[in-house]
Amino acid sequence: MPYCLYLRKSRADMEAEAHGEGETLARHEKILLELAKRDHYSITQIYREIVSGETIASRPVVQHLLQEVEDGKWEGVLVVEVERLARGDTIDQGVMAQAFKYSNTKIITPLKVYNPADEFDEEYFEFGLFMSRREYKTINRRLVRGRLASAKEGKWVSGVAPYGYERVRISGDKGWTLRPVEEEADIVRFLFRLYTSGEEGDDGSIRKVGTYSLALRLDEMGIAPPRSASCWNDRTIQAMLQNPVYIGKIRWNVNKSKKRIINNAVEVEYYKASPEDVVLVDGLHPAIVDEAVFQKAQELMGRSGPPPVPKKDVVKNPLAGLLRCGKCGHSIVLRPNASCGMLGCPNRACDNVGSKYDIVEERLLQALASWLADYRLEWSDKLPADEQALIDLKSKSLRKAETELETLRRQLDRTHDLLEQGVYDTDTFLSRSRSLNERIASTEADIASLSAELVEDEKRAASRRNIVPKVEKLLEVYAELPSAQAKNEMLKEVLEKVSYTKLRRSGRNGPFDNFELTLFPKLPPSFGE
């Protein structure tokens, strides 16, 4: 069986790279490939994790690797140290240890090979995970204390500079501060001035300008939004207007988090820290907004009240996560109003026209029914002739390989008899034995491959047959389902996504369904792909 490499950066690696110690993953990859060459490990896959997450849930690459380990795909996994695999809590460590133990997958490091079948190696591995967790907590406490101390000294401790500034190293000291970017700083002053003083109309009256209008204005002016966003967002502007960094302050420890068990899963909840826990000090950086203007903006923000807090995990749109913009790829969202819900692309830079929700939903169900009728005719109860012929050919090849394997095994037994009878000398016996073992191994690999392909072919055929009753059931009960959540879950069982495109507005008298829907049913890949 083959082996794979798993590479992951730690926070310490990122700090070392910042000091010029070279790219970590490339260095580790070189070490492990040299180890594989020396000890003759057949490497067929390299996994690279570029996020430094505390838990398995926050690291998608290691989740994929664990699934393959549980499936018994790998003989062993090469890592520079066991600490790279898991630094999560006791549950994460148990998941990691069990996956390698019950799949009998080795963990290979430059210093030691951990064999899960050996109880001493198992204990050593579990102890290594425990120590890595302890080290992680120690490093994390040190980082938290260091950031808090730096914030109290007026240094900038976040990784990304706020709009209007750039992050620069402090001359003659450790840490970072901020330096104004004049082009962006002018935009920040422009936002504060318009929000606090309003805009004079043609008749001389002063009109208030809200955050949404400011976002539209910046888009119209062609000003690029921060961090490669496609357009300005009113919440982004609201956060900027409330950020004391623009009057030369450093604010830290505003948001806190706590973990809770909800439906047997760990979820992180964020909340505002109490005022006494918030750090608000004079920063080392210069202000770009007058403090009086900033305070006036806070007063106006307070009068309008806080923004509404969306309820978590409550699906109000049955098409949520399914309907995609056919032009820019964004998820189409539901915008409810007094008369009816409107579906539209949230990307203001996109010109895809919206439609009424009930019309889109009706058309989608009609398209699904039409697709089902065509699909049922195409597949019937039998596979197409070419796909059935491919399965028959694989079955025939499998039977032939099994017969050949039996013949090779008899030949291998015969070599022992010939050695005992003196027909073969020792060298001839070893040469013949090696040749037969290689052919047996090759034939066994062919049998395993053909068997796996036949199982997958049968799964694909079953999946194609099963989707018909699923869609039939959906069309039958959809209107009677009790909630948007239930409708959404049932649609996601049969659809990967639905592409929505509308080029022209409907007009007052319609047509209202002048849009195009493209359905992507949940079908397995075709045979032979």
Side-chain angles (χ1 to χ4, degrees), residues 14 18 50-51 155-170 176-200 207-252 254-255 283-291 293-294 296-298 300-301 304 307 310 324-333 335 343-354 499-503:
M14 296 176 184
I50 58 174
V51 297
K155 299 176 181 177
W156 182 255
V157 291
S158 295
V160 181
Y163 188 83
Y165 289 99
E166 63 180 346
R167 201 170 67 124
V168 293
R169 285 196 173 275
I170 300 173
W176 301 79
T177 187
L178 298 173
R179 179 170 63 198
V181 178
E182 283 306 319
E183 297 82 358
E184 295 181 357
D186 289 339
I187 301 301
V188 174
R189 298 186 191 101
F190 170 75
L191 292 174
F192 273 93
R193 184 173 66 252
L194 269 188
Y195 186 77
T196 55
S197 302
E199 187 176 35
E200 185 175 350
R207 182 177 64 87
K208 290 184 178 181
V209 182
T211 55
Y212 184 78
S213 298
L214 288 173
L216 291 177
R217 178 70 63 85
L218 293 180
D219 285 340
E220 292 169 357
M221 293 168 64
I223 297 170
R227 287 185 284 280
S228 302
S230 57
C231 57
W232 283 87
N233 187 284
D234 56 328
R235 289 185 178 273
T236 301
I237 293 177
Q238 188 178 64
M240 290 171 62
L241 293 173
Q242 293 176 314
N243 195 345
V245 71
Y246 295 120
I247 56 172
K249 301 286 185 181
I250 291 292
R251 182 177 60 180
W252 188 249
V254 178
N255 298 310
L284 301 179
H285 64 281
I288 59 177
V289 174
D290 185 75
E291 188 167 353
V293 174
F294 180 81
K296 185 176 180 181
Q298 307 318 298
L300 293 172
M301 199 78 69
S304 60
R324 292 280 187 169
C325 176
K327 291 196 169 186
C328 70
H330 277 72
S331 288
I332 299 293
V333 298
R335 297 193 182 101
L343 291 167
C345 180
N347 181 8
R348 286 200 301 272
C350 180
D351 60 354
N352 204 359
V353 182
S499 176
Y500 167 88
T501 307
K502 186 173 180 178
L503 303 178

Would you call Arg217-Glu199 a salt bridge at under 4.0 Å N-O?
yes
Contacts of Arg193 meeting side-chain hydrogen bond (donor to acceptor under 3.5 Å, both in side chains) (sequence neighbours excluded), chain-then-number -> none
How close do Gly283 and Ile250 get, heavy atom to heavy atom, and via which atoms?
CA-CG1, 3.6 Å
Got a second to check how far Leu194's CG is from Lys208's NZ, nearest 0.5 Å?
14.0 Å
What distance separates Asn233 CG from Leu218 CG, expressed to the nearest 0.5 Å?
11.5 Å
Show the nearest heavy-atom pair for residues Arg251 and Pro244, with the distance to one decimal.
CZ-CD, 3.4 Å
Between Phe294 and Phe192, what is the ring plane arrangement, given parallel below 30°, perpendicular above 60°, and tilted in between?
tilted
Heavy-atom nearest pair, Arg189 first then Asp186, reads NH1-OD1, 2.7 Å
Calculate, to the nearest 0.5 Å, the distance between atoms CG and NZ belonging to Leu284 and Lys155 respectively.
7.5 Å
In this structure, CD1 of Ile187 is separated from CD1 of Ile288 (nearest 0.5 Å) by 11.0 Å
Kindly indicate, with the supporting measurements, whether the criterion side-chain contact (heavy atoms from CB on, under 4.5 Å) is fulfilled by Thr211 and Leu241.
CA-CA 9 Å; Thr211 55; Leu241 293 173; 4.0 Å; yes
Validation row: Val168, Glu166 side chains within 4.5 angstrom (heavy atoms)
yes
Would Thr501 and Arg324 count as a side-chain contact (heavy atoms from CB on, under 4.5 Å) here? Give the steps.
CA-CA 9 Å; Thr501 307; Arg324 292 280 187 169; over 6 Å; no
Please identify each residue that fulfils side-chain hydrogen bond (donor to acceptor under 3.5 Å, both in side chains) with Glu291, with sequence neighbours left out.
none
Test side-chain contact (heavy atoms from CB on, under 4.5 Å) on Arg167 and Trp156 and set out the steps.
CA-CA 8 Å; Arg167 201 170 67 124; Trp156 182 255; 3.7 Å; yes
I need the single residue from Cys328, Cys325, Ser331 that forms a side-chain contact (heavy atoms from CB on, under 4.5 Å) with Asn347. Which is it?
Cys328
Closest heavy-atom pair, Val188 versus Gly164, reported as atoms and distance to 0.1 Å, is CG2-CA, 4.3 Å
Taking the six-membered ring where the residue is Trp, are the ring centres of Trp232 and Tyr163 under 6.0 Å apart?
yes
Which heavy-atom pair separates Asp219 from Cys231 by the least distance, and what is that distance?
OD2-CB, 3.5 Å
Apply the test side-chain contact (heavy atoms from CB on, under 4.5 Å) to residues Trp176 and Ile170: give CA-CA distance (whole Å), side-chain angles for both, the deciding distance (0.1 Å), then the verdict.
CA-CA 5 Å; Trp176 301 79; Ile170 300 173; 5.5 Å; no
From Tyr246 OH over to Met240 CE, what is the distance, rounded to the nearest 0.5 angstrom?
4.0 Å
Under a 3.5 Å distance rule, please check whether Asn352 uses its side chain to pair with a backbone N or O of Cys345 as donor and acceptor.
no
Are the side chain of His285 and the backbone of Val245 linked by a donor-acceptor contact shorter than 3.5 Å?
yes
Taking Glu184 for its side chain and Pro162 for its backbone only, find out whether a donor-acceptor pair lies under 3.5 Å.
no
Going by side-chain hydrogen bond (donor to acceptor under 3.5 Å, both in side chains), name the residues that satisfy it together with Tyr500, two or more places apart in sequence or in a different chain.
Ser355
